[in-house]
Amino acid sequence: MKNIELLNICYKFFNRFITASTLVEELAKIDKKNIPQENVEKIESLIGEIKEVLKNNPNRVDEYVTIKKEKIKNLIEKLDKIPKANDNSKMLEKHIKNLKNDYEKEMDSHERWAAVMSCITKNEYFNNIMDNLTKNELLEFIVQYIQAPLPPHLTQKEFDELSEICIKNDKREWLWRLAFNYSKRNINFDKIVDYYIEKKDDYYLSELICAVGTDLDIDKIIDSINDQELIDGLKSRKSILESHVTEEQLNKIINK
C-alpha cells in the first residue's frame, strides 16, 4: 500500500506550506493500521530524527525569512494595483488574502528547513513511495498545488506525458496547474497552448498567459488563433491580459 499521505505531508514542508513543527504533528497523525510494522518503524524513526533537528536548531529570523516576507509584501502591493473587473476581482481578492496569511505565518530559517529536508530525502520509506508512483499518481500529486517552489523534477518528455493524461481526460484546470508549477524551468508548454486553442477555451488560455507568459511565445500564439469565437473571448478578457502582454500584442488580438 502506497502511503500517499506521507508524501503529501512532506511535500507541504518541502514547499514551505507548513513549518517543521507542524510537519512533526502531521506525521504523527498518519493512520498506521494498514502499514507494515517495518514501515511504521521508518516513520517513527523519521519523526525522531526531525525532532532532534528541531531541538538542535532553534528557529530564528534569518536572511531567507526577511527576504521572503519582503517579496510577499511587494507582491501584495502589485496585486492591489491591478484594475479589478467582474471577471478577475474574486481571483485577485483570494490571492491577496492568501498572501497576507502567508506573510503572518511563522517561517523556518533556511538552516532548519535544510536540515529537516535532509532527514526526509534520506529516508528509505519516503524514497520508495516516491519512486513507485504511477504517472497518474504523480500527476495528482503535483497538481494539488499551484506554483509550488519545489515540484518533482520532470524532463520535457515526462512533462508531456503528464500533459497527455490531462488532455485525454479533458482536465483543463490540471493542465494549467501543471504549467504553473513548472514555470521558468525550461519546459515547453506548446502542447497545452495548442489544446486550449483547439478547445476554443479563452478562459484557460488567458489564465495560462497570465501564469507563465514569460515562458510562452505570445506572438506565435496570437498568429495561430483564427477562430472568431476564441478571438472574441480573448477580447473580453482585455483587463486581465493587458498586465501580461505588450500593448502591441494586445492590439493584435483586438484587431483580429
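Because the structure is a prediction, the values reported are computed rather than measured.
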Can you find a pair of side-chain heavy atoms, one from Ile72 and one from Met107, that are under 4.5 Å apart? yes

salt_bridge(Asp202, Lys235) N-O dist < 4.0 Å: no

Take the angle between the ring planes of Tyr204 and Tyr196 and call it parallel below 30°, perpendicular above 60°, tilted in between. parallel

Is there a donor-acceptor pair under 3.5 Å between the side chain of Asn181 and the backbone N or O of Tyr145? yes

Are the side chain of Lys256 and the backbone of Ile222 linked by a donor-acceptor contact shorter than 3.5 Å? yes

Short question: side chain of Arg16, backbone of Asp108 - any donor-acceptor pair under 3.5 Å? yes

Using side-chain contact (heavy atoms from CB on, under 4.5 Å), reason through Arg60 and Glu111 one step at a time and then give a plain yes or no. CA-CA 9 Å; Arg60 61 189 179 86; Glu111 180 181 358; 3.6 Å; yes

Check whether any side-chain heavy atom of Asp62 lies under 4.5 Å from a side-chain heavy atom of Val65, and answer yes or no. yes

Side chain to side chain, Glu52 and Cys119, heavy atoms closer than 4.5 Å: no

The test is salt bridge (Lys or Arg N to Asp or Glu O under 4.0 Å); show your working for Lys252 and Asp223 and say whether it passes. CA-CA 9 Å; Lys252 282 177 70 176; Asp223 290 341; 3.4 Å; yes

Inter-residue atom distance Leu178.CG - Ile187.CD1, 0.5 Å rounding: 9.0 Å

Roughly how far, to the nearest 0.5 Å, is the CD1 atom of Ile254 from the CD atom of Gln249? 12.0 Å

Would you confirm whether the ring centroid of Phe17 sits within less than 6.0 angstrom of the ring centroid of Tyr11? no

Mind running side-chain contact (heavy atoms from CB on, under 4.5 Å) on Leu7 and Leu133 for me, showing each step along the way? CA-CA 10 Å; Leu7 291 190; Leu133 289 177; 3.8 Å; yes

Checking side-chain contact (heavy atoms from CB on, under 4.5 Å) for the pair Ile9/Lys29: CA distance, chi angles, key distance, verdict? CA-CA 10 Å; Ile9 293 170; Lys29 293 176 184 177; over 6 Å; no

Should we say atom NZ of Lys68 is surrounded by more than 12 heavy atoms from elsewhere, each under 6.0 Å from it? no

Side chain proximity check, Ile43 to Asn123, heavy atoms < 4.5 angstrom: no

Salt-bridged, Lys105 to Asp102, with N to O below 4.0 Å? yes

Once rounded to the nearest 0.5 Å, what's the spacing between atom CD1 of Ile120 and atom CG of Leu23? 5.0 Å

Any heavy-atom pair between the side chains of Ile50 and Leu27 that's under 4.5 Å? yes

Ignoring hydrogens and geometry, is there a side-chain-to-backbone donor-acceptor pair from Gln144 to Phe141 under 3.5 Å? yes

Using the ring pair (Phe, Tyr, Trp, His ring centres under 6.0 Å) criterion, which residues pair with Tyr64? Sequence neighbours excluded. none

With rounding to the nearest 0.5 Å, note down the distance linking NZ in Lys42 to CD1 in Ile129. 9.5 Å

Which label fits Phe14 and Phe126: parallel for a plane angle under 30°, tilted from 30 to 60°, or perpendicular past 60°? perpendicular

Can you confirm whether the side chains of Glu140 and Asn136 place a donor and an acceptor under 3.5 Å from each other? no

Would Tyr203 and Ile82 show up in the same hydrophobic cluster when neighbours are defined by side-chain heavy atoms closer than 4.5 Å? no

Whether Asp190 and Lys220 form a salt bridge (side-chain N of Lys/Arg under 4.0 Å from carboxylate O of Asp/Glu) is what I want to check. yes

Has Lys32 got more than 12 heavy atoms of other residues, nucleotides or ligands less than 6.0 Å from its NZ? yes

Once rounded to the nearest 0.5 Å, what's the spacing between atom CD1 of Ile192 and atom CG of Leu175? 5.0 Å

Look at the side-chain heavy atoms of Ile, Leu, Val, Met, Phe, Trp and Tyr, link any pair under 4.5 Å apart, and say whether Leu92 and Ile146 land in one connected group. no

Looking at Asp227 and Lys200, does any basic side-chain N land under 4.0 Å from a carboxylate oxygen? yes

Non-hydrogen atoms of Val53 and Ala115 that approach each other most closely: CG1-CB, 3.5 Å

Report yes if some heavy atom in the side chain of Lys73 is under 4.5 Å from a heavy atom in the side chain of Glu77; otherwise report no. yes

Are Leu79 and Phe180 connected, step by step, through hydrophobic side chains (Ile, Leu, Val, Met, Phe, Trp, Tyr) whose heavy atoms are closer than 4.5 Å? no

Judged by atom type as modelled, is there a donor-acceptor pair below 3.5 Å linking the side chain of Ser45 to the main-chain atoms of Glu41? no

So do the side chains of Ile221 and Asp217 get within less than 4.5 Å of each other, counting heavy atoms only? no

Considering only NZ, NE, NH1 and NH2 on the basic side and carboxylate oxygens on the acidic side, decide whether Glu49 and Lys122 come within less than 4.0 Å. no

Got a second to check how far Tyr103's OH is from Leu75's CG, nearest 0.5 Å? 13.0 Å

Same cluster for Ile225 and Ile209 if Ile/Leu/Val/Met/Phe/Trp/Tyr side chains link at under 4.5 Å? yes

Sub-3.5 Å donor-acceptor pair from the side chain of Gln156 to the main-chain atoms of Asn188, do we have one? yes

Do Ile4 and Ile18 belong to the same hydrophobic cluster, where Ile, Leu, Val, Met, Phe, Trp and Tyr are linked whenever their side-chain heavy atoms lie under 4.5 Å apart, directly or via other members? yes

Are the side chains of Trp174 and Leu162 in touch, meaning some heavy atoms are under 4.5 Å apart? no

